> 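Sending over a structure as structure tokens; questions will come in a sec.
Since this is a predicted model, take the numbers as computed values, not measurements. In what follows, chains carry the letters A, B, and so on, assigned in the order in which the sequence lines appear, proteins first and then strands, with residues in each chain numbered from 1. When reading the values below, keep in mind they use all heavy atoms of this one structure, side chains included, and skip hydrogens, waters and symmetry mates.
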Amino acid sequence: MSQIPQAVRERADSLHQQLDDANYQYYVEDEPRITDAEYDTLLRELQSLEAEHPELKTPDSPTQRIGAAPAERFEEVTHAVPMLSLDNAFDDAELAAFVKRVADKLECDGDTLTFCCEPKLDGLAVALVYENGRLVQGATRGDGRTGEDVTLNLRTIRSIPLKLRGDSIPPLIEVRGEVYMRHSGFEALNARARENGDKVFANPRNAAAGSLRQLDSSIAAARPLEFCAYQVARLEGEDDAHSHSDYLKRLRTLGFRTSPLLDVVKGERGVIGFCHRLGEQREGLDYDIDGAVLKVDSLRDQRELGFVSRAPRWAIAYKYPAQEQTTTLNDVVFQVGRVGTLTPVAKLEPVQVAGVTVANATLHNMDEIERLGVRIGDTVIVRRAGDVIPQIVGVVESQRPATTRAIEMPEHCPVCGSQTERLEGEVAARCSGGLFCPAQRKEALKHFASRRALDIDGLGEKLIDLLVEREWVKTPADLFRLEAKSLAELPRLAEKSANNLVNALEAAKRTTLARFIYAVGIREVGEATAASLAHHFGSLQALSEASLEALEAVEDVGPVVARHIHTFFRQPHNQETLEDLQGVGVTWEEVEIAGRPQPLAGQTWVLTGTLENMTRDDGKARLQALGAKVSGSVSKKTAALVAGEAAGSKLEKARELEVEVLDESTFLQRLAEWENAEENQ
DNA sequence: CCGCCTCGAGGTCA
DNA sequence: CTCGAGGCGG
């Protein structure tokens with residue numbers, strides 16, 4: 001290693017320190033003491049020293065924020081502590097109810113309770129992990145359980161310390177916060193983009209989200225991203241915090257920006273007061289907020305309150321009333337869903353609502369249209385609540401032109417012309433065309449090919465449209481009969497893509513029973529239900545033969561879903577499709593059976609007599625799920641006979657052949673044992 | 001529902 | 001350069 005002159009090393013250390021301090025003053029204290037130009041001068045000096053003496057370059061040097069070599073893809077990160085969502089409150093009454101709930105649960109006076117309040121920035125949540133003071137990982141929220149590793153992009157954000165400050169640096173800390181973009185930064189970025197003829201971002205949130213998703217972190221480095229910390233998710237080492245606000249103070253000493261607007265208040269009045277004050281300041285802020293987050297400050301109280309399913313009971317997100325705009329309802333078209341449901345979709349004159357252009361909005365069903373009293377040509381009020389789906393919430397009747405037209409449920413399907421019908425007790429009307437209707441066919445195929453079903457790579461919406469329109473594909477099984485040669489004739493699909501698709505289809509043939517059940521699209525059978533059906537019955541055969549009672553015995557399956565499943569398997573054309581699919585080579589490993597203990601594999605059981613607590617079908621299904629065969633007559637090969645009330649000749653024969661006989665209660669007990677053993681494996 | 005990013009493939013043009 | 005598919009985030 002070459003010798004670095006002492007003076008150079010000292011100068012580099014000093015520059016490093018000065019730059020860190022400047023960042024801290026600028027981003028955390030909001031009090032810059034040097035100008036941007038001075039910062040740049042210092043940074044350049046450090047860069048040149050590091051260029052001369054590469055040993056000076058450390059990963060936490062301020063020069064190392066410029067971005068690194070492009071990544072291949074983002075790695076998946078599992079959050080050690082899940083990133084939960086919060087309950088929402090939309091008005092004072094709901095805030096008051098929250099305070100009361102907390103006070104009741106803690107059995108204390110709500111007025112004495114302390115809450116820590118801060119604005120809810122409109123950006124993206126990320127989690128930063130520091131080990132021994134160094135930033136080692138930064139991840140997006142994802143679904144709360146797992147997110148993506150965007151460390152390299154986060155490192156470019158100057159308000160994220162690469163190295164923690166101060167002298168009480170914990171061995172491990174995970175800091176949660178929001179990555180966002182200020183209006184000023186956003187405007188400057190878009191101005192630059194406009195000059196270069198690049199496309200501009202729709203709003204600061206999308207700009208921030210887009211920037212974090214750049215594989216090339218040098219692009220992220222050029223984006224004016226900022227970070228504001230709001231939570232300590234994990235902390236090892238010294239921890240003398242008693243409240244959430246203690247943690248926020250600690251975060252500041254460690255070098256994080258926390259919200260300058262945060263406040264600690266008491267009781268319902270304090271909480272409501274904070275939200276009102278924040279509302280008044282909102283317009284003047286240089287960044288978007290979509291509300292406030294209110295947390296019970298005391299950590300002991302937080303622990304006592306605990307969680308309700310996915311959300312902590314000790315916090316709530318106050319959301320500002322959703323933004324609304326008026327626009328014209330140009331038309332209503334009826335979309336045909338997978339099972340023929342006709343959904344009215346509003347075609348709107350495009351309008352900006354809360355930073356995005358809204359041109360479509362669902363009207364759900366005719367009841368909703370009636371409730372709104374909306375007509376084509378009306379001026380309507382469109383709302384986009386925070387980030388959810390746009391809704392039409394009302395009509396400006398005073399602005400109704402003379403030319404409006406009523407919205408009527410078409411008598412014939414707009415796609416296939418079949419009669420539409422609205423069944424007793426259902427909100428939605430349906431196209432009666434079934435799979436004769438190209439729209440239903442397309443939707444069914446889309447579902448069949450989707451990721452959570454058979455996951456056919458490269459088979460997207462446009463291609464399905466084409467295949468159905470040319471009548472190359474009518475049923476899912478037809479997909480597997482497609483040939484690369486003919487596929488290549490399609491527009492935008494040459495040899496390469498055609499081969500890829502055929503290969504993808506070939507790969508998709510090997511699936512699981514659960515995916516298969518989900519893919520065939522039985523009404524009301526989603527991913528979860530499909531999985532429990534697969535688990536419960538173990539084979540398509542057992543499922544298709546299951547009685548209503550046996551189906552209802554499955555967890556989460558009620559009478560309605562049971563009926564749908566039962567009906568599905570009794571329709572000849574469905575049976576044909578299922579057979580056809582297996583015929584063209586769709587298979588699944590009997591993992592559902594083979595992959596788990598099968599205590600009864602190879603055994604033949606017989607059920608007889610009347611069972612009190614279950615039907616024979618149900619018993620049969622449960623035995624089959626455990627690997628047993630169930631037959632109707634007792635022989636010397638019979639492993640056991642389950643005898644209910646009034647068992648007759650079979651019981652006699654079993655005794656004769658010395659076959660084990662179980663009464664109902666013993667049987668139920670054994671079943672439960674076997675099934676539990678399975679769960680616990 | 002919308003906006004954004006990435007990737008592979010196809011087409012266009014030099 | 002453009003399009004479609006796929007995925008993410010709110």
Side-chain angles (χ1 to χ4, degrees), chain A residues 70-74 76-77 83 85-86 88 120-126 139-150 153 178-181 186 189-190 193 197-217 219-220 223 288-291 317 319 322-323 325 335 343 345-348 350-364 382-392 446 449-453 455-467 487-501 503-504:
Chain A
E72 280 285 298
R73 62 192 173 91
F74 299 123
E76 189 175 270
V77 174
M83 295 181 83
S85 47
L86 297 182
N88 293 322
K120 188 175 194 304
L121 303 191
D122 190 15
L124 326 58
V126 296
T140 60
R141 177 179 188 283
D143 61 6
R145 204 182 63 80
T146 57
E148 289 178 314
D149 185 333
V150 287
N153 287 334
E178 199 83 354
V179 170
Y180 64 106
M181 204 180 276
F186 170 75
L189 178 66
N190 267 357
D198 294 341
K199 66 174 161 52
V200 297
F201 290 101
N203 57 54
R205 204 205 69 77
N206 280 331
S211 304
L212 266 201
R213 295 199 51 72
Q214 293 284 344
L215 288 177
D216 181 351
S217 55
I219 300 179
R223 303 280 171 80
D288 287 337
I289 61 175
D290 50 13
K319 295 282 185 79
Q323 293 197 45
Q325 283 299 325
Q335 224 167 44
T343 308
V345 177
K347 295 287 166 186
L348 303 165
V351 62
Q352 291 286 121
V353 193
V356 303
T357 312
V358 176
N360 301 302
T362 173
L363 282 163
H364 302 107
V382 180
R383 169 189 295 170
R384 214 174 73 96
D387 37 52
V388 298
I389 292 156
Q391 291 173 279
I392 294 184
K446 244 193 274 177
S450 67
R451 194 164 64 91
R452 325 206 80 125
D455 193 17
I456 305 173
D457 219 34
L459 184 58
E461 179 157 4
K462 302 281 169 184
L463 189 48
I464 289 176
D465 285 354
L466 216 53
L467 293 171
L487 280 169
E489 293 168 20
L490 295 170
R492 295 205 58 80
L493 208 79
E495 203 180 339
K496 180 76 179 161
S497 310
N499 281 326
N500 286 349
L501 181 59
N503 291 338

> Does the side chain of A:N360 get closer than 4.0 angstrom to OP1 or OP2 of B:dC2 through an N or O atom?
yes
> What N/O pairs connect the protein and nucleotides 9-12 of chain B at under 3.5 Å? Give each pair on its own line.
from, atom 1, to, atom 2, distance (Å)
B:dA9, OP1, A:N500, ND2, 2.8
B:dA9, O3', A:S497, OG, 2.8
B:dG10, OP1, A:A494, N, 2.9
B:dG10, OP1, A:A494, O, 3.2
B:dG10, OP1, A:S497, N, 3.2
B:dG10, OP1, A:S497, OG, 2.9

> For A:K446 and C:dA5, is the shortest distance between a side-chain N/O and OP1 or OP2 below 4.0 Å?
no
> Base, sugar-phosphate alone, or nothing: which one does A:T357 contact when heavy atoms must sit under 4.0 Å apart?
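Touches sugar-phosphate only.
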> Can you tell me if A:Q391 touches the phosphate of B:dC1, counting only side-chain N or O atoms and a distance under 4.0 Å to OP1 or OP2?
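No, no such contact exists.
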> Could you give the CG-to-C1' distance, from A:D457 to C:dA5, as a whole number of Å?
8 Å
> Pick base, sugar-phosphate or nothing for A:G355, based on heavy-atom distances below 4.0 Å to the nucleic acid.
nothing
> Give the nucleotide from the list B:dC4, C:dG9, B:dC2 with an atom nearest to the side chain of A:F201.
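Taking heavy atoms from C-beta onward, the closest nucleotide is B:dC4.
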> B:dC2 C1' sits how many Å from A:L124 CG, rounded?
15 Å
> For C:dG9, take OP1 and OP2 only and decide whether either is under 4.0 Å from a side-chain N or O of A:T140.
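Checking C:dG9 against A:T140, a side-chain N or O does come within under 4.0 Å of OP1 or OP2.
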> Starting at atom NZ of A:K462, determine the distance to atom P of C:dT2, rounded to an integer number of angstrom.
17 Å
> Starting at atom CZ of A:R452, determine the distance to atom P of C:dA5, rounded to an integer number of angstrom.
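Rounded to the whole Å, the gap is 20 Å.
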